[in-house]
Amino acid sequence: MRKIKFYKTEKGYMPVKEFIDSLIDKHAQKVTWVLRLIRELDIIPKDYLKKLINTNDIWEVRIQSGNNIFRILCFIEKDKIIILTNGFIKKTQKTPKKKLCYQKNENWNI
């Protein structure tokens, strides 16, 4: 089983928690369900977790609820720890570069 951790800024802000809290209940439940699958499945289908091309080990959690598409960006450490950095509603085919603003850092609060 993997551990899922939320990135937290020095001031205590947790972007993914804030993102999930901003969703309506139905969408937040779907996000939680997908995160649970990622945590528990030995082999995760690419429908739910995929490495972003041309990035430095940035992965995206992929969630679809009806016509809504959500993404949560993350890093994977030691194949067992997933650090969720930020989430957004996907409106275009490509992931917006401004959403790739978090860089892996050894001093992160998680």
Side-chain angles (χ1 to χ4, degrees):
M1 184 179 292
R2 291 171 198 82
K3 288 186 179 182
I4 294 181
K5 297 185 176 187
F6 290 76
Y7 163 72
K8 182 170 49 172
T9 67
E10 290 181 8
K11 294 184 180 184
Y13 176 67
M14 296 171 36
V16 173
K17 182 183 180 316
E18 297 292 325
F19 171 70
I20 294 170
D21 288 347
S22 74
L23 301 174
I24 63 171
D25 287 346
K26 175 182 171 183
H27 296 157
Q29 288 172 354
K30 181 71 181 261
V31 169
T32 303
W33 180 80
V34 170
L35 291 175
R36 190 175 305 118
L37 283 179
I38 290 169
R39 187 183 70 209
E40 296 174 359
L41 292 178
D42 290 331
I43 299 172
I44 305 164
K46 287 186 178 183
D47 290 347
Y48 300 117
L49 184 68
K50 182 178 175 185
K51 184 179 180 299
L52 292 177
I53 298 170
N54 297 324
T55 66
N56 188 15
D57 293 326
I58 299 174
W59 291 71
E60 68 176 359
V61 176
R62 304 159 60 93
I63 304 114
Q64 184 162 348
S65 181
N67 292 330
N68 299 289
I69 299 172
F70 308 103
R71 296 292 187 258
I72 298 175
L73 301 181
C74 61
F75 295 99
I76 300 176
E77 290 191 353
K78 301 176 187 172
D79 295 326
K80 293 291 179 183
I81 301 172
I82 297 176
I83 302 170
L84 306 176
T85 58
N86 59 314
F88 59 96
I89 298 171
K90 191 163 182 186
K91 298 179 181 179
T92 63
Q93 187 66 20
K94 292 182 83 176
T95 299
K97 289 195 184 279
K98 68 181 179 179
K99 298 296 182 183
L100 302 174
C101 60
Y102 293 92
Q103 302 269 335
K104 191 173 184 178
N105 183 327
E106 298 302 321
N107 298 318
W108 274 10
N109 296 315
I110 48 174

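Sequence positions, counted from 1, serve as the residue numbers for this chain.
Between atom CG of residue L49 and atom CD1 of residue I38 there is a gap of 5.0 Å, rounded to the nearest 0.5 Å. Here CZ of F70 is found 5.5 Å from CD1 of I89. Values are rounded to the nearest 0.5 Å. Here W59 contributes atom CH2 and I72 contributes atom CD1; the two are 15.5 Å apart, rounded to the nearest 0.5 Å. Note that NZ of K80 and CD1 of I4 are 12.0 Å apart. Values are rounded to the nearest 0.5 Å. To the nearest 0.5 Å, atoms CD (E18) and OH (Y13) are separated by 5.0 Å.
Between L73 and F88 there is a side-chain heavy-atom pair separated by less than 4.5 Å. Contact annotation: the side chain of I83 approaches that of E77 to within less than 4.5 Å [non-hydrogen atoms, C-beta and beyond]. I63 has its side chain out of reach of I69: every pair of non-hydrogen atoms, C-beta onward, lies at least 4.5 Å apart. Between I44 and L37, the closest side-chain pair of non-hydrogen atoms is not below 4.5 Å.
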Under the side-chain contact (heavy atoms from CB on, under 4.5 Å) criterion, do R71 and R62 qualify, and how do the steps go?
CA-CA 5 Å; R71 296 292 187 258; R62 304 159 60 93; 3.6 Å; yes
Set out, in order, the CA-CA distance, both residues' side-chain angles and the distance that settles side-chain contact (heavy atoms from CB on, under 4.5 Å) for L35 and Y48, then state yes or no.
CA-CA 9 Å; L35 291 175; Y48 300 117; over 6 Å; no
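Of all heavy-atom pairs spanning T85 and V16, the tightest one is C-CG2, 3.5 Å. Of all non-hydrogen atoms in F75 and D57, the two that sit nearest each other are CD2-O, 3.3 Å. Taking all atoms of both residues into account, the shortest heavy-atom contact from L84 to C74 is CD2-CB, 3.8 Å. Residue P45 comes nearest to L41 through the heavy atom pair CD-CD1, 4.0 Å, listed as atom of the first residue, atom of the second, then distance.
The environment of I24 atom CD1 is dense: over 12 non-hydrogen atoms of other residues, nucleotides or ligands sit within 6.0 angstrom.
Checked by atom type and distance alone, the side chain of E10 never pairs as donor or acceptor with a backbone atom of G12 at under 3.5 Å.
The stretch residues 20-31 participates, sequence neighbours left out, in these side chain to side chain donor-acceptor pair (under 3.5 Å) pairs: K17-D21, H27-N68. For residues 36-51, the set of pairs meeting the salt bridge (Lys or Arg N to Asp or Glu O under 4.0 Å) definition, not counting sequence neighbours, is empty.
Shown here are the ring pair (Phe, Tyr, Trp, His ring centres under 6.0 Å) partners of F19, two or more places apart in sequence or in another chain: there are none.
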